[in-house]
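Remember, predicted model here, so these are calculated numbers, not experimental data. Scope of the values below: all heavy atoms of this structure, side chains included, with no hydrogens, waters or symmetry mates. In what follows, chains carry the letters A, B, and so on, assigned in the order in which the sequence lines appear, proteins first and then strands, with residues in each chain numbered from 1.
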2 protein chains.
Amino acid sequence: MNLKELSKLLGLSPTTVSRALNGYPEVNAATRMRVTEAALKHGYSPNLLAKRLATGRTLTIGHVVPLSVHQMINPIFADFIAGAGEVYSTSGYDMLISVVPPEQEHAAYRKLATQRGVDGFIVHGPTVTDPRIALLQELGIPFLVHGRGGPSESNYSWLDINNRRGFLRATELLLDLGHRRIALLNGHETMSFAARRRQGFDTAMAERNVPVDPALLRSEEMIEPFGFEAARQMLSLDRPPTAFLVSSMMIALGVLRAAQERGLEPGRDLSIVTHDDDLSFLPNHGAIPLFTATRSSIREAGRRAAEILIEIMTHPGTGPRQELWESDLTIGLSTGPRPKET
Amino acid sequence: MNLKELSKLLGLSPTTVSRALNGYPEVNAATRMRVTEAALKHGYSPNLLAKRLATGRTLTIGHVVPLSVHQMINPIFADFIAGAGEVYSTSGYDMLISVVPPEQEHAAYRKLATQRGVDGFIVHGPTVTDPRIALLQELGIPFLVHGRGGPSESNYSWLDINNRRGFLRATELLLDLGHRRIALLNGHETMSFAARRRQGFDTAMAERNVPVDPALLRSEEMIEPFGFEAARQMLSLDRPPTAFLVSSMMIALGVLRAAQERGLEPGRDLSIVTHDDDLSFLPNHGAIPLFTATRSSIREAGRRAAEILIEIMTHPGTGPRQELWESDLTIGLSTGPRPKET
DNA sequence: CCCAGCTTTCAAACCGCTTTGAATTTTGCC
DNA sequence: GGCAAAATTCAAAGCGGTTTGAAAGCTGGG
């Protein structure tokens with residue numbers, strides 16, 4: 001059942017039927033009623049492909065995901081996607097995900113943009129000097145970056161959390177508790193978010209004139225074994241850290257495992273502060289959460305990112321939009337004053 | 001730059017140019033060369049929307065993801081998607097993800113199918129009596145189920161692992177080690193995979209005439225706190241379990257945390273066997289893996305699922321395809337003989 | 001040299017919808 | 001009742017490709 005058939009059935013022109021269904025004002029109320037009823041009755045729904053070609057809009061938003069051995073598809077991305085997808089489907093948009101080898105990433109953006117496969121992009125995981133931003137500006141297609149990257153951050157739209165300040169406050173918290181030997185287990189510091197967290201850490205330490213020991217700094221893939229191995233190794237140093245500041249719950253779980261293995265009780269013998277993306281499958285709630293954490297829901301970020309991008313696409317010409325969220329600092333069971341004997 | 005312009009530029013008809021670029025045989029080799037060169041030089045790439053409308057094929061595969069508070073987007077899904085997406089992009093397909101409230105799930109399938117938004121579907125997480133299979137059969141659109149569900153399993157295509165046998169073998173392993181009080185921390189048993197794992201467990205226990213204690217059976221969302229809470233509670237029973245068989249690495253990490261909290265050493269004081277989906281961010285490898293596990297890569301499943309679906313779509317009319325994978329049983333550090341004192 | 005039979009190219013129809021510009025019908029007012 | 005303006009409806013021209021059926025150009029055997 002297509003538009004032509006339906007209009008013939010109704011004795012109307014395709015024009016009128018199309019307008020009636022799309023809510024245009026210049027159609028008689030009675031006619032519109034008749035049309036919508038007939039459409040429902042005969043199970044008519046417009047062919048998306050035709051609609052897209054005619055309007056030039058795809059109502060699709062693209063997410064290009066580079067797939068490499070190192071930068072793995074991670075659960076953080078999944079939760080972001082869930083949030084964004086929620087907004088898309090209520091706003092009538094579709095989500096297109098293109099998983100490509102890293103060396104084809106640029107080609108993928110270019111192809112989707114020039115072949116009119118999507119109306120806009122959300123860019124994930126910007127690096128400190130991210131070339132994708134310039135590419136998308138050159139392609140002239142709406143986009144929003146989750147995070148900030150590249151040399152300038154004023155001429156494009158982004159949504160980010162204040163990573164620097166979050167880790168600055170977290171470090172201060174540990175310093176206030178008397179800790180001096182604080183280990184930082186960070187994500188890859190080529191990533192913008194990790195670099196900013198590092199800055200926050202360094203700044204807080206410098207302000208209190210506490211030296212940073214390079215032996216306590218690691219920057220790797222944020223998975224559980226990283227936390228475990230790094231903590232295990234650092235805890236067997238001559239002067240082990242009394243506190244760990246880590247960039248993800250997965251790392252924190254690894255640190256926890258290493259601590260428990262040594263019989264150290266978190267909060268008493270060892271402090272752990274983590275960033276918590278509030279992932280749906282890794283809850284850190286409860287009466288008192290397990291970990292003291294800087295928290296910001298990645299899913300909520302996905303939702304908001306989608307909203308902003310849709311606004312950008314529907315109101316082109318307005319300047320870039322930027323939103324910076326502060327993260328919550330919630331106290332859990334994993335922090336306490338520096339143990340006396342140290 | 002569109003087809004008409006390019007053809008005018010070349011002094012050819014759009015027909016010929018189209019054929020030249022799409023590799024049809026009835027075009028002169030010299031002409032084809034000239035056309036492809038010109039296309040490259042002028043940066044011509046066909047408008048996808050037009051192409052889709054003309055051919056009726058979208059080259060898009062849909063994944064409908066119900067989003068509810070209970071059934072969360074989980075990292076398992078993310079890894080599957082990564083595998084599938086990899087195959088899609090090398091085969092020229094796009095991946096469309098539709099995140100919808102659970103009550104709109106059927107409508108979403110129907111809409112994507114009838115509006116010709118996608119050429120096929122991959123169905124995730126089938127339940128024991130899954131209505132989506134009948135729906136998709138009625139809609140007459142190609143699809144492949146990851147897992148098996150519904151009353152019959154012979155008249156549609158699926159890719160699954162042998163969950164029943166995997167857990168049967170895992171249970172036998174624990175029984176061979178002398179364990180009698182074995183706890184099962186499973187996923188929701190409305191899900192097909194969890195029901196089958198339960199069957200495997202029950203069968204193995206029954207074959208050895210070992211009674212199953214209902215107090216040691218739990219079936220919930222597979223997240224870390226579930227493993228922690230359940231293990232913590234069970235370990236404080238009068239007759240605590242000496243072994244845990246669990247359905248995901250996340251649960252296993254929770255059990256591990258509860259065990260360590262009590263000072264129990266896994267492998268010596270307590271045995272843990274888990275199913276391991278081989279998630280990229282939760283590796284269980286190493287010289288000796290942390291957990292003894294039934295392992296099957298979910299990412300590899302995603303890849304294969306995509307391959308099979310594409311075969312189905314390109315060769316319609318052939319019967320349903322089904323593939324059942326056995327999982328590996330790898331011995332890690334988390335299992336050992338039943339402690340003497342119990 | 002002619003013509004059958006290939007090879008190559010082309011004009012036009014089509015995919016199913018939107019939208020422009022014109023035509024038709026209604027309405028409101030004198 | 002007549003007429004201009006407003007409200008509806010319509011025919012036709014896109015959107016940018018693919019594909020059908022016919023035409024034009026080549027080849028080679030008689």
Which letter, B, S or -, goes with each nucleotide of nucleotides 20-27 of chain C from 5' to 3', with contact meaning a protein heavy atom under 4.0 Å?
BB------
So, the side chain of A:Asp79 versus the backbone of A:Leu279: is there a donor-acceptor pair under 3.5 Å, distance only?
no
Between C:dG16, C:dT9, D:dT8, which nucleotide gets closest to the side-chain atoms of A:Asn47?
C:dG16
Should B:Asn2 be listed as having a side-chain N or O under 4.0 Å from OP1 or OP2 of D:dC15?
no
Please report, rounded to the nearest Å, how far the C1' atom of D:dC10 is from the CG atom of A:Asn28.
15 Å
Interatomic distance where NZ belongs to B:Lys8 and C1' belongs to D:dG16 [whole Å]:
13 Å
Need to verify one output field. Residue with the more 5' nearest nucleotide on DNA chain D, A:Val27 or B:Ser18?
A:Val27
Describe the nucleic acid contact of B:Leu49 in one word from base, sugar-phosphate, nothing, applying a heavy-atom distance below 4.0 Å.
nothing
With nearest nucleotide decided by heavy atoms, which residue, B:Pro14 or B:Ala54, maps closer to the 5′ end of DNA chain C?
B:Pro14
Test: A:Glu138 and A:Arg110 ion pair at under 4.0 Å
yes
Measure from the side-chain heavy atoms of B:Asn22 and tell me the nearest of C:dT18, D:dT18, C:dG16.
D:dT18
Nearest-Å distance, CG (A:Leu59) to C1' (C:dC17)?
13 Å
Roughly how many Å is it from CG in A:Leu53 to P in D:dA13, rounded to a whole number?
17 Å
Any donor and acceptor pair, going by atom type alone, linking the side chain of B:Tyr93 with main-chain N or O of B:Gly85 inside 3.5 Å?
no
Respond yes when some side-chain nitrogen or oxygen of B:Thr16 is under 4.0 Å from OP1 or OP2 of C:dC10, and no when none is.
yes
What is the distance, to the nearest angstrom, from the CG atom on B:Leu12 to the P atom on C:dA11?
10 Å
Return no unless some side-chain N or O of A:Thr55 is found under 4.0 Å from OP1 or OP2 of C:dT18.
no
Rounded to whole Å, OH of B:Tyr24 lies from P of C:dT8 at a distance of 17 Å
How close or far is atom P of C:dC10 from atom CG of B:Leu3, stated in whole angstroms?
12 Å
Quick one: does any side-chain atom of A:Thr31 pair with a main-chain N or O of A:Val27 as donor and acceptor, under 3.5 Å?
no
So what does B:Leu48 hit on the nucleic acid, given a heavy-atom distance under 4.0 Å: a base, only sugar-phosphate, or nothing?
nothing
Are A:Asp94 and A:Arg52 within salt-bridge range, i.e. N to O under 4.0 Å?
yes
Any donor-acceptor pair under 3.5 Å from A:Asn22 side chain to A:Arg19 backbone:
no
Whole-Å distance, A:Leu21 CG to C:dG16 P, equals 17 Å
At under 4.0 Å, does any side-chain N or O of B:Tyr44 touch on OP1 or OP2 of D:dG17?
yes
Taking the basic N atoms (NZ, or NE/NH1/NH2) and the acidic carboxylate oxygens, is any pair closer than 4.0 Å for A:Glu307 and A:Arg304?
yes
From the options B:Phe80, B:Trp325, B:Phe121, select the one residue that forms a ring pair (Phe, Tyr, Trp, His ring centres under 6.0 Å) with B:His146.
B:Phe80
